[in-house]
Amino acid sequence: MRRCIVVIEPGQDPASLVILARTVADFVTVLVVCGEGEHPRVASDADRLVAVAAAGLEVSEVAAAALAGVVRSDGARLVVLASSARLREVVAPLSASLDAASVSDVIALSDVGGVLHADRLLYGGVAVATLALQREVVVLTAPAGRASEVGEPAELVDVELAAPPAKERLARAIVERDVKLPTAERLVSFGRGLKSRDDMQLIEGLAASLGAEIGCSRPIVEDMRWLSVDHQVGLTGTTVTPNLYVAVGISGQIQHLVGMRDSKVIVAINTNPAAPIFSVADLGVVGDLYEVVPRLTSALAARGG
Amino acid sequence: VRILVTVKHVPDTTEVRFDAGGDLMVRQAPTKINDYDRNALEAAAQLKESGHEFVIGCVGPAEAAKTLKEALAYGGEYAVLVSGPWAEGLTSDASARLLSAVATAEGPFDLILSGDVSEDGYDGLVPGLVAASLGVPYLRGVIALSVGDGVLDVERGVDDAVETWRVSAPAALSVTRLVNVPRTITTMQVMKVPISKVRTVSAGHVGVDESSLAPEAVAVRPVSVRPATQARRNEMLTGDPDDVVAALISHLSDLGVLS
């Protein structure tokens, strides 16, 4: 029998992580890491729902030490962390503390003669690698969505807080978002296939005709700097699961694919028929976005969305 | 301060393909410095301009020496390449052990500077594992940094927030591509770097027993690689743009995703 602890932050939906954990574990605990005085409520069908709430858990090394204590007393041999920016930083110190095997962005797990095997994407999403995790304890991350239900209050458990390392958070400023990618029903996303910033009006027109939010791939934010990071879909941006995802001029780097591959219907428009984005698309249009997008926009407008 | 910049030699992921027989064609792909590590090198180059110095550490195949010549053109004192027959298919845990061994053997360093992730594996674990192994504090997602008297002032992005941190040296930081715009390195600048500045050493030289890098000994062992497929319709629409658009709208309507 293998026990698993799924670790999330407040507001994250543990559902996909619990499903992943149940493929190899018989007893799954969901644990929410929160700030002092918080009492999170979580909708989950896990076997147990707990929370740790304390000042200082924003320091990854402190959170890792606290989690290691919970894992040891539970006897869990698998820890699945939601791949948020903060929890990703917890993986290494937690793994070191537990002498665990660690791996990021796992899409599937299997048990091969008692050894866990994990699948993850490699090389821009063209390949799936299977890795044998050859330690008694395994720590991994997997993408999680945003919680839409309030759910049950989590049982608070005590943790031992380690002395923080020589590292202190002095300030934290919430970045105001004018886009709501995590909750969007429809999304039009674009990438390097767009030749100039002015051409973004093509994307805006298509998004308007669909009533969609606008997303983009990493290079648009980090290299071109045409849009702010709150538009970015992918590993270092936002994970999205809309009903309709239209990828325009996006080749499909792994960084992008892991952020959108669970969308309900995926449409890809790209000139290169070998682009990895087509491997995750339901409908692939091999063509020049400058020819396809304006026609699609007016056809959608003509039928009223 | 004295800085160790870690650099990964990676295949250009946009050129990695499966051949007709289903074998991954990685060796044929051109190789390069991991993009994120260029930002780490640029950050180090800027710190060098204010009187600090940096050394480059790398784990990889012997041909990574070429990549390191380019990395040295950013101004590093020298580079250490840990290489051996085990280098192919090395996973994050073993890479991190070797890089922390480099940090110990060539140290002391006040700062270990890395890119947040590598383009090929996108695992993002190595910088944190190096920090954990060395027992120094670590911050990822760095978008700005400055070096003070024994402290590092850091801004980093975390999901929906920007955070300001103060970390005492020695520490490990990994940067995103927002931290700076790397300078252009010319072919001439690379040619001027003497190859003697790249010191290729064995695992044993930095104090890591080669047997601990064997497939059965590492924490994470690659088992297989296969083409990525998804349970998707993968219906391709080609031809005249007007026909394609009409077909697309018809499909989307059937799928019930249009109002």
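The chains referred to below are lettered A, B, ... by the order of the sequence lines, with proteins before strands, and numbering in each begins at 1. Computed from a predicted model, the values in this text were never measured in an experiment.
- The line from CG of B:D35 to CZ of A:R218 is 7.0 Å long, rounded to the nearest 0.5 Å.
- Between the B:R226 side chain and the A:T130 main chain, no donor and acceptor come within less than 3.5 Å of each other.
- Per-residue heavy-atom pair counts under 4.5 Å with chain B were compared for A:A92, A:A275, A:A166, and the maximum is reached by A:A166.
- Using a 4.5 Å cut-off between heavy atoms, B:S118 does not touch chain A at all.
- Atom CG of residue B:L248 and atom CG of residue A:L300 lie 8.0 Å apart, to the nearest 0.5 angstrom.
- Heavy atoms only, all atoms of each residue included: A:D105 and B:Y122 are closest at OD2-O, 3.6 Å.
- Only the backbone of B:P215 comes within less than 4.5 Å of a heavy atom of chain A; no side-chain atom from C-beta onward does.
- In terms of heavy atoms, A:R86 sits closest to B:V158 at NH2-CG1, 3.6 Å.
- Between A:R303 and B:S253, the closest heavy-atom pair is NH2-OG, 3.8 Å.
- For B:V126, no part lies near chain A; criterion is any non-hydrogen pair under 4.5 Å.
- Of the possible donor and acceptor atoms, one in the side chain of A:R120 sits under 3.5 Å from a partner among the backbone N and O of B:G121.
- Among B:T164, B:V244, B:D116, the residue making the largest number of heavy-atom pairs under 4.5 Å with chain A is B:T164.
- Heavy-atom pairs under 4.5 Å with chain B were tallied for A:A96, A:P165, A:A129; the largest tally goes to A:A129.
- For the options A:H117, A:E9, A:R225, heavy-atom pairs under 4.5 Å to chain B are most numerous at A:R225.
- Looking at every heavy atom in both residues, A:K264 comes nearest to B:R232 through O-NH1, 2.9 Å.
- Residue B:A96 does not touch chain A at all, counting heavy-atom pairs closer than 4.5 Å.
- Comparing B:T238, B:V162, B:L129 by how many heavy-atom pairs each has under 4.5 Å with chain A, the most go to B:V162.
- In this structure, chain B has a heavy atom under 4.5 Å from the side chain of A:D119, while its backbone stays farther away.
- Within a 6.0 Å sphere centred on CD of B:E210, heavy atoms belonging to other residues, nucleotides or ligands number more than 12.
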List the steps and the verdict of side-chain contact (heavy atoms from CB on, under 4.5 Å) for B:L178 and A:E222.
CA-CA 6 Å; B:L178 296 175; A:E222 295 189 1; 4.1 Å; yes
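- For a residue to count as touching a neighbouring chain, one of its non-hydrogen atoms must lie under 4.5 Å from one of that chain's; by this rule A:V59 touches chain B with backbone and side chain alike.
- In this structure, B:L252 CG and A:L210 CG are separated by 8.0 Å, a value rounded to the nearest 0.5 Å.
- With sequence neighbours left out, A:V106 forms a side chain to side chain contact (heavy atoms under 4.5 Å, CB included) with A:L20, A:V103, A:L109, A:A118, A:L140.
- Under a 4.0 Å N-O distance rule, the pair A:R295/B:D240 does not qualify as a salt bridge.
- Residue pairs satisfying the salt bridge (charged side-chain N to carboxylate O under 4.0 Å, His left out) criterion with at least one member in residues 148-157 of chain B, sequence neighbours excluded, are listed as follows: A:E89-B:R156, B:D153-B:R166, B:R156-B:E163.
- Atom OG1 in A:T141 sits 8.0 Å away from atom CG in B:D123 (nearest 0.5 Å).
- The two residues A:D223 and B:R177 have their closest heavy-atom pair at OD1-NH1, 3.1 Å.
- Using non-hydrogen atoms only and a strict 4.5 Å limit, the part of residues 130-139 of chain B facing chain A consists of B:A132, B:V136, B:P137, B:Y138, B:L139.
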Evaluate the side-chain contact (heavy atoms from CB on, under 4.5 Å) criterion for residues A:L133 and B:V220: first the C-alpha distance (whole Å), next the side-chain angles of each, then the deciding distance (0.1 Å), finally the verdict.
CA-CA 5 Å; A:L133 306 170; B:V220 179; 3.9 Å; yes
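- With respect to chain B, the highest number of heavy-atom pairs below 4.5 Å among A:P164, A:A100, A:S263 belongs to A:S263.
- Applying the 6.0 Å contact sphere to CZ of A:R192 captures no more than 12 heavy atoms from other residues, nucleotides or ligands.
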Apply the test side-chain contact (heavy atoms from CB on, under 4.5 Å) to residues A:Y245 and B:V257: give CA-CA distance (whole Å), side-chain angles for both, the deciding distance (0.1 Å), then the verdict.
CA-CA 10 Å; A:Y245 189 91; B:V257 290; over 6 Å; no
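- Using a 4.5 Å cut-off between non-hydrogen atoms, the part of residues 285-294 of chain A that approaches chain B consists of A:V285, A:V286, A:E291, A:V292.
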Where do A:L283 and B:L255 land on the side-chain contact (heavy atoms from CB on, under 4.5 Å) test, with the steps shown first?
CA-CA 11 Å; A:L283 298 164; B:L255 288 165; 4.1 Å; yes
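- Both the backbone and the side chain of A:S84 come within less than 4.5 Å of a heavy atom in chain B.
- Proximity to chain A is absent for every atom of B:S92, based on heavy atoms less than 4.5 angstrom apart.
- A:S104 and B:L125 get closest at one heavy-atom pair: OG-CG, 3.4 Å.
- Between the B:N234 side chain and the A:A281 main chain, a donor and an acceptor come within less than 3.5 Å of each other.
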